[in-house]
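Working notes for the structure below.
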Amino acid sequence: MSIENNIHATQKQMRDAATTSNRNLEEVHLIAVTKSVSPEIAQEVVQQGIFHLAENRPEKLIEKQESLTDERIKWHYIGSLQTRKVKQVIQRIDYFHALDRLSLAQEIDKRADKVIPCFVQVNVSGEEQKHGIAPADLIAFIHELEAFPKIQVIGLMTMAPNTTDETVIRTTFAGLKKLQQQVETLHLPSAPCHELSMGMSHDFVIAIEEGATFVRVGTKLFATNS
Ligand SMILES: *Cc1c(COP(=O)(O)O)cnc(C)c1O
């Protein structure tokens, strides 16, 4: 399979998932996670018209941006970010998917010179090794973020447990959707929270069925020998 074929196969699955769940495909965006490929390979998805790209390390982001200069590209940062590295990345990105603590919000607010569209990462499944705000703490956290004018909470992000149990995955995504609706109904100017960043290569179909508006797909786009 070529990358072009992978993209077409992924887009077909996205279409089918939107149809199954009676959703408008236009509200679901495919983010190509380029963290494990070279800039040259990443360029191939751009040539195929995919303009949302995601990285999870500052150095890799910078490397990609030096060779991928198409102005239509939107850069997403999806990894957990050390507070001291905020200044390296924050001016370079269009979306930040891993807002999970106040100290990080504070540093973003200090270093950014424009408003940054952010997703608050939520640990819906409660797995110990996972980053993210506990669901029970989310609303208080959202209110605390009101103090930072450069932080705009456009949505929530989560990762489902790494399991083949579809029910567990579905419950996790449905849980994030419920939380997103709770935040949305607060009507805070700092947290419109219309978006849901959820779903990766193995579970993006379920994520779309449960309301994802951004899916983050790496392996499925870039694996060319299987
Ligand atoms: C790597 C990564 C992805 C993509 O995972 P694949 O299984 O390769 O599709 C999505 N989201 C996050 C946060 C990641 O780190």
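Ligands are counted one by one from 1 in listed order, and the atoms in each one are counted from 1 as well. Position 1 is the first residue of the sequence, and the numbers go up from there.
No side-chain N or O of H97 forms a donor-acceptor pair with one of Q121 less than 3.5 Å apart. A donor-acceptor contact closer than 3.5 angstrom links the side chains of Q180 and E184. In this structure, a donor-acceptor pair under 3.5 Å is absent between the side chains of R216 and S201. Looking only at atom types and distance, the side chain of S125 has a donor-acceptor partner in the side chain of E127 under 3.5 Å away. Side-chain polar atoms of Q11 and H8 form no donor-acceptor pair below 3.5 angstrom.
Applying the 4.0 Å criterion to heavy atoms of K35 picks out, from ligand 1, the atoms 1 (C), 2 (C), 3 (C), 14 (C), 15 (O). Listed by number with element, the atoms of ligand 1 under 4.0 angstrom from any heavy atom of V217 are 9 (O). Residue-ligand proximity, S201 to ligand 1, at heavy-atom distances under 4.0 Å covers atoms 6 (P), 7 (O), 8 (O), 9 (O).
Each of T185, V183, L186 was scored for a side-chain contact (heavy atoms from CB on, under 4.5 Å) with C193, with one residue passing: V183. Under the ring pair (Phe, Tyr, Trp, His ring centres under 6.0 Å) test applied with H76, the options F119, Y95, F96 reduce to a single match, Y95.
For atom 11 (N) of ligand 1, the closest non-hydrogen atom on the protein side is R216 NE, 2.9 Å. Closest to atom 5 (O) of ligand 1 among all protein heavy atoms lies M200 CE, 3.4 Å. Considering only non-hydrogen protein atoms, atom 8 (O) of ligand 1 sits nearest to T219 OG1, 2.5 Å. Protein heavy atom in closest approach to atom 12 (C) of ligand 1: I78 CD1, 3.6 Å.
Under a 4.0 Å heavy-atom criterion, K220 is not in contact with ligand 1.
At least one N/O-N/O distance between G218 and ligand 1 falls below 3.5 Å.
Contacts between H97 and ligand 1, counted as non-hydrogen atom pairs separated by less than 4.0 Å, are absent for every part of the residue.
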